[in-house]
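Have a look at the structure below, then the notes.
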Amino acid sequence: KDSQMALLIPQAAIAQDENGNFVMAVNNDNIVEEKRVVLGDTLEDKQIVLDGLNADDRIIIQGLQKVKNGQKVRVGEIKSAEDIAKEENK
């Protein structure tokens with residue numbers, strides 16, 4: 001069986017609409033971008049993301065209802081999905 005790295009993100013970062021699941025990510029210009037994601041299983045309060053995110057994507061995990069696609073935001077604490085996974089595995 002092939003061993004794969006899985007991305008785990010907080011369930012609070014995931015939103016849903018009639019087209020499926022998505023997260024709001026922040027690009028290098030601090031502009032919010034909607035990213036469609038394919039989800040796998042849950043692991044406690046985390047969700048496995050099978051497709052749609054890269055390990056270095058910056059996702060919004062609080063205040064999702066306050067941002068919209070294309071909006072410029074001020075970035076507080078920045079953690080990549082990879083950083084979050086490392087913290088969880090300590």
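As a basis for the values below, the full set of heavy atoms in this structure was taken, side chains included, without hydrogen atoms, waters or symmetry mates.
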Please lay out, stage by stage, how Leu50 and Leu39 fare under the test side-chain contact (heavy atoms from CB on, under 4.5 Å).
CA-CA 5 Å; Leu50 300 175; Leu39 302 176; over 6 Å; no
side-chain contact (heavy atoms from CB on, under 4.5 Å) evaluation trace for Val26 with Ile31:
CA-CA 5 Å; Val26 180; Ile31 304 293; over 6 Å; no
Test side-chain contact (heavy atoms from CB on, under 4.5 Å) applied to Asn30 and Arg58, step by step
CA-CA 10 Å; Asn30 292 337; Arg58 301 183 297 164; 3.2 Å; yes
As a quick check of understanding, evaluate side-chain hydrogen bond (donor to acceptor under 3.5 Å, both in side chains) for Asn27 and Glu33, giving each step before the final call.
CA-CA 7 Å; Asn27 69 20; Glu33 297 178 336; 3.2 Å; yes
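Counting all heavy atoms, side chain and backbone alike, Glu44 lies closest to Gln11 at O-NE2, 4.0 Å. Residues Lys68 and Met24 come closest through the heavy atom pair C-CE, 3.9 Å.
Residues Thr42 and Ile48 form no side-chain contact, since every pair of their non-hydrogen atoms from C-beta on lies 4.5 Å or further apart.
Linking ILVMFWY residues whenever their side-chain heavy atoms come closer than 4.5 Å, directly or via other members, places Val73 and Leu64 in the same cluster.
Residue Lys72 qualifies as enclosed at atom NZ: its count of foreign heavy atoms under 6.0 Å is above 12.
By the side-chain contact (heavy atoms from CB on, under 4.5 Å) test, Asp51 is found to be paired with Val38, residues two or more places apart in sequence or in another chain being considered.
Under the salt bridge (charged side-chain N to carboxylate O under 4.0 Å, His left out) criterion, the residue pairs touching residues 34-43 are Asp17-Arg36, Glu34-Arg36, Lys35-Asp57, with sequence neighbours excluded.
For the side chain to side chain contact (heavy atoms under 4.5 Å, CB included) with Val49, the qualifying choice from Val37, Val23, Leu8 is Val37, the only one to do so.
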